[in-house]
S.K.: 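For reference, the structure I am asking about is given below.
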There are 2 protein chains.
Amino acid sequence: MKRTTSKRLVTISDVAQSAGVSKATAARVLGSYGTASPVVKEKVREAAKRLGYQANELARSMTTGKSKTIGVIVGDIENPYFGQAVRGISDAAHAAGFDVILSNSGEDAAKEKAAVRVLLGKRVDGLIVTPASVYETQHLHEIQRSGRPLVLLDRTIPDLAVDAVVTDDRQAAEAATRALIEAGHRRIAYISATEADDPIYRGPHQINLSTVMERIEGVVAASRSAGIENPERYIRLGANRRGEGDKIISELLQGADRPTAILASDNVVALEVFKTLRRLGMSIPQDLSLIAFHDADWTSVTSPPITVIAQPVYDLGFESAQILVRRITGSGDAPRCRVLATTLIKRQSIGAPPEIQESPAVLQNNAAKIG
Amino acid sequence: MKRTTSKRLVTISDVAQSAGVSKATAARVLGSYGTASPVVKEKVREAAKRLGYQANELARSMTTGKSKTIGVIVGDIENPYFGQAVRGISDAAHAAGFDVILSNSGEDAAKEKAAVRVLLGKRVDGLIVTPASVYETQHLHEIQRSGRPLVLLDRTIPDLAVDAVVTDDRQAAEAATRALIEAGHRRIAYISATEADDPIYRGPHQINLSTVMERIEGVVAASRSAGIENPERYIRLGANRRGEGDKIISELLQGADRPTAILASDNVVALEVFKTLRRLGMSIPQDLSLIAFHDADWTSVTSPPITVIAQPVYDLGFESAQILVRRITGSGDAPRCRVLATTLIKRQSIGAPPEIQESPAVLQNNAAKIG
DNA sequence: TTGACATGTGAGACCGGTCTCAAATACGCT
DNA sequence: AGCGTATTTGAGACCGGTCTCACATGTCAA
């Protein structure tokens, strides 16, 4: 039974004693600071190895005040979008010698707040957050007050002067809308997954994510400059909840004056559009044109392949972590908002709008004629 | 300039002093242990609030020996499969009052080892690991030796007596293979994403993941019992690297005696099959039948929709975290391996095998005839 | 030989909590 | 009032590292 006693772990004092030196000396060797003679170094290292010593990072962090850990709070890890971003963060962090503590807010500001407290309590050296709301931000200010750097990911908060890394949502939405207009569309819908009290868009007060607002502005701006009146009427929100998406989409498509093109805020919504269309017996791009945000790998394999707005999600994460690390290491320049460019990848989900589309019956005729 | 001095954070001593009580008393109130009179409690809480006190969890962990944190090492967070699992872990952990530190091994045993050291150094209360190799497991034994509970996720290690939560890969592969056999197939390929020195399967020594081995056994067993000779010849490995997948698949499909059905180890591989088939001018299910592991949401929206083996990934994560928490809290029963059931979801990617398939030319004929 | 200075080492304070223990106070009861 | 017991409180050790500082030793030049 020659086993390390599992009750108490080996400490630096144990090593020191075993090596016949003082605790301070052993610490110097094992912590790689101060000085020690080669002979002593060797003795201590040998003893450490023999005893299976492993530094207690908690104790270390407590005295140094640095934990070499960054906290990340993300809307939903299950979402591949964030999965990729987290991978980027993780890679950049590890490359710089930092670990990552991950938390899920579920896009709920209250949970986000709780997560902040926990991470602050764990004394992370800095945080990366995808804020769930532009309104509830006291806890983000609290981070600032605690003196720890904060980087916002994917979204910004107007009144918070911190670094942020986002994509050019406004321009992306504008470009996508323009592409649809060029194809002849005049009735263009934007369907967002963002949580809202009412699926029908009534105004900016309903929106609590900067990205969503930017995109809506992009769609509206592009529509307006093409002389389209009241483009807001085709904007729909809250298509994320199961079942809800189908309802919103089918009502939109079966209503009078239905849109001939849809811009989907993410893949999940795009998927929902696909399913609803199939149920309704409509097809892309004959009956409806579609563009989706996020170039998930599968979007190229549907029939037809979907035209998407490709976002550099991994880079979003990677950059934000790099910026955070730089802040932690201590750079004093003013906070900046970095905007990463998106690309419109044209595939085959855009076509000319059907000439007449008063009722579903007509639609089916139409589809038969074309297909 | 009424601001909390950002240099040093508020400690329990500060609160104690401000409330006019001893450090010990303040600690008792704020740490919710021991006793204190209502009056004192109120005074301390008020002072804590006023000063913006936030407990230093590091210090707390150091004395108590518990960090209320679990470490998770996963093959690749970017992969939606693990994304879902992590979500499950995260939910279960938070519900039990634990936080999660996440690490990425990139399916590399060396990185996994490094991650273990780091997490152990951070004194996590327990770990959940998806081991990258059944061979390199010293570090996992090290975890055991440190006395901290370990739960294996998705994969097992034969000589390691710890809890594990996996899916019934063997049976799943068997059922899928049987489904293909019932449809008339006799030449069934299994294409795995697992890293290997050689894409052609030579024997178990190449495989370092329990799941992969189980699945191969399942495919082989089902094939054998249907009287199929040498089913191993259609097994291919290492289809994960970009470009490599296409090469492996197209070579397999263009070779003599090509398989008429493919079982793909995950979505990424299935996607690759889709793309390669399109490039080759072949179609599903006329020229080739396909079953894929993992029921990603998009698999129902391709044409044809893909028949998949649905795995309870979220539950996999959720259960493993629950088990880990139970171990941490201290349950002494022998380690168990929990096996979660998968379901074969039949969609439309399985058809009868084409009668003759010597050359691609014949294939095209065939496709035209059927389509 | 001695003084100046670099280098190696150990004692002990410290980080911010928890926890043990003993003293102080309050309470109940005869 | 007087005593036993329960409750509240404070002093100080402790967790496992880091870090300051004083002291011991070694090296070299004057």
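No hydrogens, no waters, no symmetry mates; every other heavy atom, side chains included, goes into these values. Letters go in sequence order (proteins before strands), and every chain restarts at 1. None of the values given here were measured: they were computed from a predicted structure.
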S.K.: Would you mind checking if B:Arg327 and B:Asp333 are paired as a salt bridge, meaning a charged N to carboxylate O distance below 4.0 Å?
M.R.: yes

S.K.: What is the nucleic acid contact for A:Ser37, judged by heavy atoms within less than 4.0 Å: base, sugar-phosphate only, or nothing?
M.R.: sugar-phosphate

S.K.: Sugar-phosphate atoms are those with a prime plus P, OP1 and OP2; base atoms are the rest. Using that split, label each nucleotide of nucleotides 12-23 of chain D B, S or - for protein heavy atoms under 4.0 Å, 5' to 3'.
M.R.: B--BBBBB----

S.K.: Are B:Lys122 and B:Glu57 ion-paired here, with the side-chain N under 4.0 Å from a carboxylate O?
M.R.: no

S.K.: Please say which of B:Leu316, B:Thr130, B:Asp76, B:Val86 ends up in a side-chain contact (heavy atoms from CB on, under 4.5 Å) with B:Tyr81.
M.R.: B:Leu316

S.K.: Could you go through the side chain to side chain contact (heavy atoms under 4.5 Å, CB included) check for A:Gln54 and B:Arg117 one step at a time?
M.R.: CA-CA 8 Å; A:Gln54 174 141 45; B:Arg117 311 223 83 194; 3.8 Å; yes

S.K.: When you measure from the side-chain N and O atoms of A:Ser22 to the phosphate of C:dA11, is any distance below 4.0 Å, counting only OP1 and OP2?
M.R.: no

S.K.: For A:Arg155, is there an ion pair with A:Glu112 - N to carboxylate O distance below 4.0 angstrom?
M.R.: no

